[in-house]
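What follows is a set of notes on a single structure, which appears directly below.
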Amino acid sequence: MSDLKQRLKNKTAAIGIVGLGYVGLPLAVAFSEAGFKVLGFDMQQKRVNSVNKGQPYIADIDSESLSAVVVNNLLQATTDQSRFKELDVICICVPTPLTRTREPDLSYVTSQSEELSRYLQPGQLIVLESTTYPGTTREVVLPILERSGLKGGQDFYLAYSPERVDPGNKKYRIKNTPKIVGGIDPQSTRLAELLYRQVADMVVPLSSPEVAEMTKVFENVFRSVNIALVNELAQLCEKMGISVWEVIDAASSKPFGYMPFYPGPGIGGHCIPLDPYYLASKARQ
Ligand SMILES: NC(=O)c1ccc[n+]([C@@H]2O[C@H](COP(=O)([O-])OP(=O)(O)OC[C@H]3O[C@@H](n4cnc5c(N)ncnc54)[C@H](O)[C@@H]3O)[C@@H](O)[C@H]2O)c1
């Protein structure tokens with residue numbers, strides 16, 4: 001552990017980011033900008049080529065920032081997962097969609113974990129960032145990684161730290177959005193905390209991955225419920241000839257017990273509308 005701690009502190013740790021989408025690409029750029037050598041993995045060759053050419057494909061990353069880290073040899077992308085062996089830290093940012101029957105589809109997480117278990121090295125820190133239901137890190141990811149013959153918390157470290165990125169938000173970025181971390185044991189939590197302190201101003205350590213997983217789904221369910229509520233209120237106000245905007249402004253004058261949500265064309269995206277099903281599915285169990 002002390003080796004990795006040292007490498008994180010002096011920024012010589014090699015960091016891998018799996019899944020270079022809305023979550024993974026900004027994270028890869030953030031670690032590179034902090035001075036780490038980052039290897040990004042994506043199954044889409046097109047995305048890998050774009051990263052290596054310094055050409056971003058998501059709005060939150062501009063071409064100057066991406067080109068700068070690529071040209072300076074801090075960020076490189078590949079589809080070759082055998083290169084997991086070269087890394088000290090691996091953050092998993094793969095999709096967590098729903099099945100046709102609206103059950104959690106963890107196939108990306110499980111296949112990724114299987115791939116990782118083939119190349120897992122003693123001393124590595126693995127962090128799951130994908131949004132998921134409480135229990136995934138310990139009940140699903142850990143047993144798959146342990147097929148490597150290595151033991152979690154002893155031979156390798158494992159934590160959950162959800163990404164809280166808000167695509168398009170210019171005010172809150174990785175640096176000024178507090179990051180929560182929960183490891184399967186105290187050492188995993190400490191290492192994950194140290195990792196994210198390199199790119200985020202505030203890191204909040206939690207007692208377990210389950211608390212971190214539940215916190216993330218709770219935050220997204222909170223948004224989903226309140227967006228649905230204000231959209232229904234907007235329809236009612238329209239029928240009653242009341243300005244919903246004036247109502248929201250008026251309610252916002254209350255300094256406690258209320259926070260404003262604004263009506264819009266729906267919830268959208270591939271997180272907020274899906275994540276409540278992750279919690280509901282676990283609740284049914
Ligand atoms: N988009 C957001 O605003 C947001 C915010 C917070 C959390 N999340 C969560 O983060 C996770 C990732 O979301 P996203 O928005 O970045 O998704 P995305 O679809 O933008 O990106 C995922 C990337 O992973 C790649 N991928 C899939 N399987 C892979 C594998 N086995 N190996 C390598 N690459 C693989 C895909 O090709 C894609 O490029 C999800 O769990 C999501 O719920 C998303």
Side-chain angles (χ1 to χ4, degrees), residues 16-30 38-52 55-61 66 76-84 87 90-99 102 104-119 126-134 136-137 140-141 144-145 160-170 172-174 177-181 196 200 209 212-224 227 267-279 281:
I17 308 287
V18 187
L20 298 172
Y22 286 103
V23 167
L25 187 59
L27 192 65
V29 171
V38 177
L39 189 55
F41 296 84
D42 205 285
M43 66 202 306
Q44 297 182 52
Q45 187 67 52
K46 221 171 103 188
R47 290 198 155 185
V48 165
N49 295 345
S50 298
V51 171
N52 288 335
Q55 294 168 350
Y57 41 81
I58 61 168
D60 276 353
I61 296 296
L66 186 59
Q76 198 192 57
T78 182
T79 54
D80 177 7
Q81 307 217 341
S82 69
R83 295 191 65 190
F84 285 148
L87 304 164
I90 297 158
C91 301
I92 306 174
C93 310
V94 296
T96 43
L98 294 174
T99 63
R102 295 188 174 170
D105 173 3
L106 285 186
S107 58
Y108 292 90
V109 172
T110 53
S111 65
Q112 195 46 57
S113 305
E114 280 159 18
E115 201 61 26
L116 254 172
S117 74
R118 295 177 56 201
Y119 302 107
I126 312 297
V127 185
L128 179 63
E129 289 231 358
S130 306
T131 307
T132 185
Y133 59 75
T136 308
T137 306
V140 180
V141 176
I144 299 177
L145 294 182
Y160 180 75
S161 179
E163 188 48 73
R164 286 165 146 176
V165 70
D166 190 16
N169 193 325
K170 299 252 181 283
Y172 290 107
R173 314 297 292 245
I174 289 178
T177 304
K179 194 91 170 92
I180 57 174
V181 297
Y196 290 108
E213 291 159 337
M214 183 61 106
T215 305
K216 174 65 188 179
V217 272
F218 173 55
E219 289 167 5
N220 282 9
V221 169
F222 177 88
R223 271 181 102 171
S224 174
I227 293 168
I267 296 178
H270 55 268
C271 293
I272 309 285
L274 312 194
D275 299 341
Y277 290 99
Y278 270 72
L279 185 58
S281 161

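In each ligand, atom 1 is the first atom listed, and ligand 1 is the first ligand listed. Any value given below was found using the heavy atoms of this structure, including those in side chains, with hydrogens, waters and symmetry copies removed.
- Residues that satisfy the salt bridge (Lys or Arg N to Asp or Glu O under 4.0 Å) test with R164, not counting sequence neighbours, are E219.
- Residues with a heavy atom under 4.0 Å from ligand 1: V18, G19, L20, G21, Y22, V23, F41, D42, M43, Q44, R47, Q81, C93, V94, P95, T96, Y108, Q112, S130, T131, E163, V165, P167, K216, H270, C271.
- Once rounded to the nearest 0.5 Å, the distance linking CZ of F222 with OG1 of T215 reads 13.5 Å.
- Rounding to the nearest 0.5 Å gives a distance of 13.0 Å between CD of Q112 and CG of L106.
- Qualifying salt bridge (Lys or Arg N to Asp or Glu O under 4.0 Å) partners for R173, counting only residues two or more places apart in sequence or in other chains: none.
- Across I174, L66, V51, a single residue satisfies side-chain contact (heavy atoms from CB on, under 4.5 Å) together with V29, and that is L66.
- Under the salt bridge (Lys or Arg N to Asp or Glu O under 4.0 Å) criterion, E213 pairs with no residue, sequence neighbours left out.
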